[in-house]
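Values below: all heavy atoms of this structure, side chains included; hydrogens, waters and symmetry mates excluded. Residue numbering restarts at 1 for every chain, and letters A, B, ... go by the order of the sequence lines. None of the values given here were measured: they were computed from a predicted structure.
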Protein chains: 2
Amino acid sequence: MTAHKLSEQQYSLVEVLWALGEGSAKDIQQHQPDLDLAHTTIGTILTRLEKKGVLSSKMRGREKVFVPLISEAQVKRSMVSNLVSTLFGGNKAALMAHLVEDNQFEKDDLAEIKKLLDEDAKS
Amino acid sequence: MTAHKLSEQQYSLVEVLWALGEGSAKDIQQHQPDLDLAHTTIGTILTRLEKKGVLSSKMRGREKVFVPLISEAQVKRSMVSNLVSTLFGGNKAALMAHLVEDNQFEKDDLAEIKKLLDEDAKS
DNA sequence: AGTTAACTACGACATGTGTAGTAGAGAGTC
DNA sequence: GACTCTCTACTACACATGTCGTAGTTAACT
């Protein structure tokens, strides 16, 4: 059921909603001027996401306020998992390996990751 | 320049080409019957990918043989990096953390990953 | 040579996305 | 009450993708 896939653009808008809790097209535009989209464009995207069940909305006076129906963690999980399926045959460790091999991590990162792994092992 | 993004469907076809080195639509269909696509569909996708510069082609008799112009590693790198940008603000360690937190890895996986990390640290 | 089998090329159509303009309705202003 | 401002709703259009069907070409078989 939780197969939520958002495009980059869609994600960047919903991201603002996650941060704000809820918001109108205008709110998003003001909190993220870098997006540089006409407010009507933002409205269109939001409406489409509502139609897809990603958001819900309610009227607050003249403004339509959107609320995410799914959590950021949920979407991340689903999108990462999707990529892992496509690129690594579902093997998450393979993605890990890819990350390690392909990018030299900083020493600090390495230490941090190891700590994470240790904690995971304990629990 | 190496901003190669393939859809899942596209990836699954090119994947076969990476495995075979090169191949025609027919070859792909035979090596991956699970795809369950009309051969004309495969041909269309391949042609479009050629137009985008992902593949090149040459005639072998009346067969059109396609060859990947970019490596699997390249595409993986680019697609993973893309996801990391979108979901984790470009922070690869954050993706690592997500993987660790979100999925309990098997003990074996953990060991393997740690080994990878150690090797990375050495080099 | 005529018929058939194998391919490719092209066109088609649906859906999703990116992007925005325009019309219409309610709220506030003179 | 008339005018204006502000939002939303709707429409539009271009492009990518998923999926094929049909037509046309060429090799091959008898």
**Request:** Report yes if a side-chain nitrogen or oxygen of B/Lys64 is closer than 4.0 Å to either non-bridging phosphate oxygen (OP1 or OP2) of C/dA9; otherwise report no.
**Result:** yes

**Closest-nucleotide 5' rank along DNA chain C - winner of A/Thr44 and B/Met59** = B/Met59

**Request:** Please tell me which of the listed nucleotides, D/dT19, D/dC20, D/dC7, lies nearest to the side chain of B/Gln9?
**Result:** D/dT19

**Prompt:** Have A/Ser24 and A/Asp27 got a donor and an acceptor in their side chains that come within less than 3.5 Å?
**Reply:** yes

**Fill in**
Atom CZ of B/Arg48 and atom P of D/dG18 are separated, to the nearest Å, by 8 Å

**Fill in**
Atom CD of B/Glu63 and atom P of C/dA6 are separated, to the nearest Å, by 12 Å

**Message:** Measuring only between side-chain heavy atoms, which start at C-beta, is B/Phe88 closer than 4.5 Å to A/Val80?
**Reply:** yes

**Asked** Can you find a donor-acceptor N/O pair under 3.5 angstrom joining the side chain of B/Arg60 to the base of C/dT8?
**Response** no

**Request:** Compare all side-chain heavy atoms of A/Leu46 with those of A/Ile28 and state whether any distance is below 4.5 angstrom.
**Result:** yes

**Request:** Measure from CG on A/Leu13 to P on C/dG16 and round the result to the nearest Å.
**Result:** 18 Å

**Request:** Would you classify A/Thr40 as touching base, sugar-phosphate or nothing, given that sugar-phosphate means primed atoms plus P, OP1 and OP2, and contacts are heavy atoms under 4.0 Å?
**Result:** base

**Message:** Are A/Val67 and A/Val16 linked, directly or through intermediate hydrophobic residues, by side-chain heavy-atom contacts shorter than 4.5 Å (ILVMFWY only)?
**Reply:** no

**Prompt:** Taking side chain as C-beta onward, heavy atoms only, is A/Leu49 less than 4.5 Å from A/Phe66?
**Reply:** no

**Request:** Taking the side chain as every heavy atom from C-beta outward, state whether B/Leu13 and B/Leu17 have any atom pair closer than 4.5 Å.
**Result:** no

**Message:** Students often get this wrong, so: under 4.0 angstrom with heavy atoms, is B/Lys5 touching a base, only sugar-phosphate, or nothing?
**Reply:** nothing

**Prompt:** So if you build clusters from Ile, Leu, Val, Met, Phe, Trp, Tyr with side-chain heavy-atom gaps below 4.5 Å, do B/Leu55 and B/Ile42 land together?
**Reply:** yes

**Request:** Quickly work out the A/Glu8 CD to C/dT19 C1' distance and round it to whole Å.
**Result:** 16 Å

**Prompt:** Are OP1 or OP2 of C/dG18 and a side-chain N or O of A/Ser7 less than 4.0 angstrom apart?
**Reply:** yes

**Prompt:** Nearest to the side chain of A/Thr41 - C/dG18, D/dT17, C/dT19?
**Reply:** C/dT19

**Item:** Interatomic distance, B/Lys51 NZ vs C/dA9 P [rounded to whole Å]
**Value:** 10 Å

Can you give me the N/O atom pairs linking the protein to nucleotides 27-30 of chain D at distances under 3.5 Å, or say none if there are none?
| residue | atom | partner | partner atom | Å |
| --- | --- | --- | --- | --- |
| D/dA27 | O4' | B/Arg62 | NE | 3.3 |

**Request:** Take atom CG of A/Leu49 and atom P of C/dG16, then tell me their distance rounded to the nearest Å.
**Result:** 12 Å

**Prompt:** Within less than 4.0 Å of OP1 or OP2 of C/dA6, is there a side-chain N or O belonging to B/Lys26?
**Reply:** no

**Asked** Rounding to a whole Å, what distance do you find between A/Ile45:CD1 and C/dG16:C1'?
**Response** 12 Å

**Complete:** B/Gln10 atom CD is separated from D/dT19 atom P, nearest whole Å, by 11 Å

